[in-house]
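Everything numeric here is computed off the predicted structure, so don't read it as measured data.
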Amino acid sequence: MALTCVRHFKVFPSFGTFHPFHVRYCSGGKNSSRQCRQQFLSGVRIIDLTRILAGPYCTMILADMGAEVIKVERPGCGDDTRTWGPPFRSSESTYFLSVNRNKKSIAVDIKTPEGKDLIRKLAQTSDVLVENYLPGKLTEMGLGYSEMAKIAPHLIYCSITGYGQSGPYAKRPGYDIIVAGIGGLINATGPKDGEPCKVGVAMTDLATGLYAHGAILAALLTRQKTGKGQFIDCNLLSTQVASLVNLASNYLNAGLDATRHGTAHQSIVPYQAFSTSDGYLLVGANNDNQFKALCKVLQAEDLYQDDRFKSNQKRVLNRDVLIKRLSEIFGEKTTDFWLEKMEGCNFSYGPINNLKQVFNDQQVKACGLIQEIDHPTIGKVRLPAPAVEYSCDEGRVDQPTAPPLLGQHTREILQDILSLSHEDIKSLLSKGIVECAALSDK
């Protein structure tokens, strides 16, 4: 089937005009895909009223797809993560840099009447608004969904909270580790006989951002049919409980509570890390054929012939005996020795890398997972690249932009999008309602 680029239009009843929204359906090889002219979300404008991690991660994914993301920040301080360090590069925290590429920053005091009015005007020219305030907070300020829907019925309004819009916890601030504890993840994480542990990165936040970005894409597709926006409610607790997957099913259907197993798996054996003579090695033999192949590599054929280990169910029941024997064998040689022996095997294996080893890993390099971007004050900034590849080259932004300085695009947005005059902008600046970064305030 030949590649086609389709331009869609939607009608907003309150405006009576056509608003362009580009969606491309691409097929064929990479060479043919060069016929495409727009990124997936070209023409989609997003107001980003989020900070910290879940919201900014969501909007960064959308920005990577070509959406114009306008990050609204507080004058003087901006997103809280701008100060979360060390480490810093120049005056920017590396935390902030990690989730804010391909965005524009406007610094607006949305507690002032003039600041609120600017957000309302932006909403009328935008497709999506994403926020992560406590439930009801933006409604109190006149910027809630019901207010926005009256002036911009096409607007998709996505709220990201800790616990949802109602219920006894709704007004609590929601942070990853707290919700991960309430939602069962922390209790299932850590060494078998040790204390519960958090995951090394904020997976509840990140998973919520992923849920939110998918929900926004679905809402954009729905609006193509209806011309209407909608309210999307995403929250960390719902994400965490939904993400318990097999652990939740074990309890709901069999009454089996989750227990801590370190790197091991509750229902699969062997599937864990083993100590070698100089480090660690992860091995996963998820079926009987893979277990047999592992035993051959270890020259321990007696193990798969042992009736106690003939099936995964039996291996789980006799976990302690099997793992003790495997641990003794792995401990006799180095990690590199075992990696070389396992090359080409049909089971999964790999080392436990530190970050230096991660970014020097040959497969990480082959996937192009380091992205280098020019920053206006820092110079070169290196970030993890987007995780998804597309057959259509325009599936991601060809020339990514660095995470913005606070207020770097204030003047551009006020002038080019909201059509404010020089005098109007000057007045807003003098009152401290908006702020421009030094680079843009010329």
Side-chain angles (χ1 to χ4, degrees), residues 12 14-15 19 44-52 55-56 59 63 67-83 90-92 96 100-134 137-152 154-159 375-377 401-442:
F12 298 152
S14 62
F15 296 98
H19 180 86
V44 174
R45 179 175 293 149
I46 298 173
I47 305 171
D48 183 0
L49 283 166
T50 70
R51 61 269 190 224
I52 313 298
T59 55
E68 180 186 21
V69 175
I70 298 174
K71 185 176 179 68
V72 180
E73 301 188 73
R74 293 171 294 174
C77 54
D79 188 320
D80 294 346
T81 60
R82 288 185 181 273
T83 65
S90 184
S91 60
E92 296 284 15
F96 176 82
N100 286 290
R101 65 171 170 251
N102 294 322
K103 302 179 185 180
K104 297 177 180 179
S105 171
I106 179 173
V108 181
D109 184 354
I110 65 172
K111 294 181 179 180
T112 64
E114 297 94 334
K116 294 172 187 175
D117 191 48
L118 291 175
I119 300 303
R120 295 188 187 102
K121 290 178 179 177
L122 270 177
Q124 291 177 303
T125 70
S126 299
D127 298 279
V128 181
L129 184 150
V130 189
E131 58 90 5
N132 63 349
Y133 285 75
L134 285 174
K137 187 65 176 178
L138 288 182
T139 298
E140 293 173 7
M141 299 170 64
L143 299 175
Y145 174 65
S146 59
E147 293 83 8
M148 290 297 200
K150 293 175 184 176
I151 62 171
H154 65 282
L155 189 68
I156 294 162
Y157 192 111
C158 180
S159 177
H375 189 280
T377 61
T401 58
L405 301 173
L406 176 59
Q408 181 178 341
H409 304 92
T410 297
R411 186 179 296 278
E412 172 191 330
I413 294 165
L414 296 178
Q415 181 176 296
D416 297 346
I417 297 177
L418 299 184
S419 301
L420 269 62
S421 68
H422 176 73
E423 290 303 316
D424 288 337
I425 296 173
K426 185 177 179 180
S427 175
L428 291 169
L429 286 166
S430 66
K431 295 176 183 178
I433 296 166
V434 301
E435 177 185 339
C436 289
L439 285 178
S440 60
D441 192 21
K442 299 288 186 181

| said: Under the criterion side chain to side chain contact (heavy atoms under 4.5 Å, CB included), I'd like the reasoning laid out for L429 against R411: C-alpha separation, chi angles, the key distance, then a yes or no. | reply: CA-CA 10 Å; L429 286 166; R411 186 179 296 278; 3.6 Å; yes
| How far apart are the C-alpha atoms of L118 and V72, what are their side-chain angles, what is the distance that settles it, and do they pass the side chain to side chain contact (heavy atoms under 4.5 Å, CB included) test? | CA-CA 11 Å; L118 291 175; V72 180; over 6 Å; no
| task | Specify the closest pair of heavy atoms between E131 and Y133, including all atoms of both residues, with the distance to one decimal. | result | OE1-N, 2.7 Å
| Charged N to carboxylate O under 4.0 angstrom, R74 versus E435? | no
| said: As a test of understanding, state which of L406, V108, T410 forms a side-chain contact (heavy atoms from CB on, under 4.5 Å) with E73. | reply: L406
| Can you find a heavy atom in the side chain of V434 that is under 4.5 Å from one in the side chain of L414? | yes
| So which heavy atom on I70 is nearest to which on I106, and how close? | CG2-CG2, 3.5 Å
| said: Quick check: do K121 and I417 have side-chain heavy atoms less than 4.5 Å from each other? | reply: no
| task | Check the side chains of K103 and T59 for a donor-acceptor pair under 3.5 angstrom, ignoring hydrogens and angles. | result | yes
| message | Tell me the closest heavy-atom pair linking L155 and S126, and the distance in Å. | response | CD1-O, 3.9 Å
| Say you draw a straight line from NZ of K426 to OG of S421; how long is it, rounded to the nearest 0.5 Å? | 11.0 Å
| said: Is there a side-chain contact between Y157 and I47 in this structure, where contact means two heavy atoms from C-beta onward sitting under 4.5 Å apart? | reply: no
| said: Quick one about S427 and D424 (side-chain donor to acceptor, distance below 3.5 Å, no hydrogens or angles considered), yes or no? | reply: no
| If every non-hydrogen atom of L405 is compared with every non-hydrogen atom of R82, which pair is closest and at what distance? | C-NH2, 3.5 Å
| field | Single hit among T81, D80, D79, N132 for side-chain hydrogen bond (donor to acceptor under 3.5 Å, both in side chains) with R51 | value | N132
| message | What I'd like to find out is whether the side chain of N102 reaches to under 4.5 Å of the side chain of V69, using heavy atoms alone. | response | no
| query | Would you say the side chain of F96 lies within less than 4.5 Å of the side chain of P403, judging by non-hydrogen atoms? | reply | yes
| query | Does L129 reach the side chain of L49, with side-chain heavy atoms less than 4.5 Å apart? | reply | yes
| task | Of all the heavy-atom pairs spanning N100 and P404, show the shortest one and how long it is. | result | O-CD, 3.3 Å
| For E412, does its backbone N or O pair with a side-chain atom of Q415 as donor and acceptor, under 3.5 Å? | no
| Is it true that the side chains of S105 and Q408 contain a donor and an acceptor less than 3.5 Å apart? | no
| task | With side chain to side chain contact (heavy atoms under 4.5 Å, CB included) as the test, would you mind laying out the steps for R120 and I151 before giving the verdict? | result | CA-CA 8 Å; R120 295 188 187 102; I151 62 171; 3.7 Å; yes
| said: With heavy-atom distances below 4.5 Å as the criterion, would you say the side chains of I413 and L122 are in contact? | reply: yes
| Side chains of I110 and M141 in contact at under 4.5 Å (non-hydrogen atoms) | yes
| Where K431 and E114 come nearest, the two heavy atoms and their spacing | NZ-OE2, 4.0 Å
| task | Applying side chain to side chain contact (heavy atoms under 4.5 Å, CB included), run through K116 and L143 and close with a yes or a no. | result | CA-CA 7 Å; K116 294 172 187 175; L143 299 175; 4.3 Å; yes
| For the atom pair NZ (K104) and OG1 (T401), what is the distance rounded to the nearest 0.5 Å? | 9.0 Å
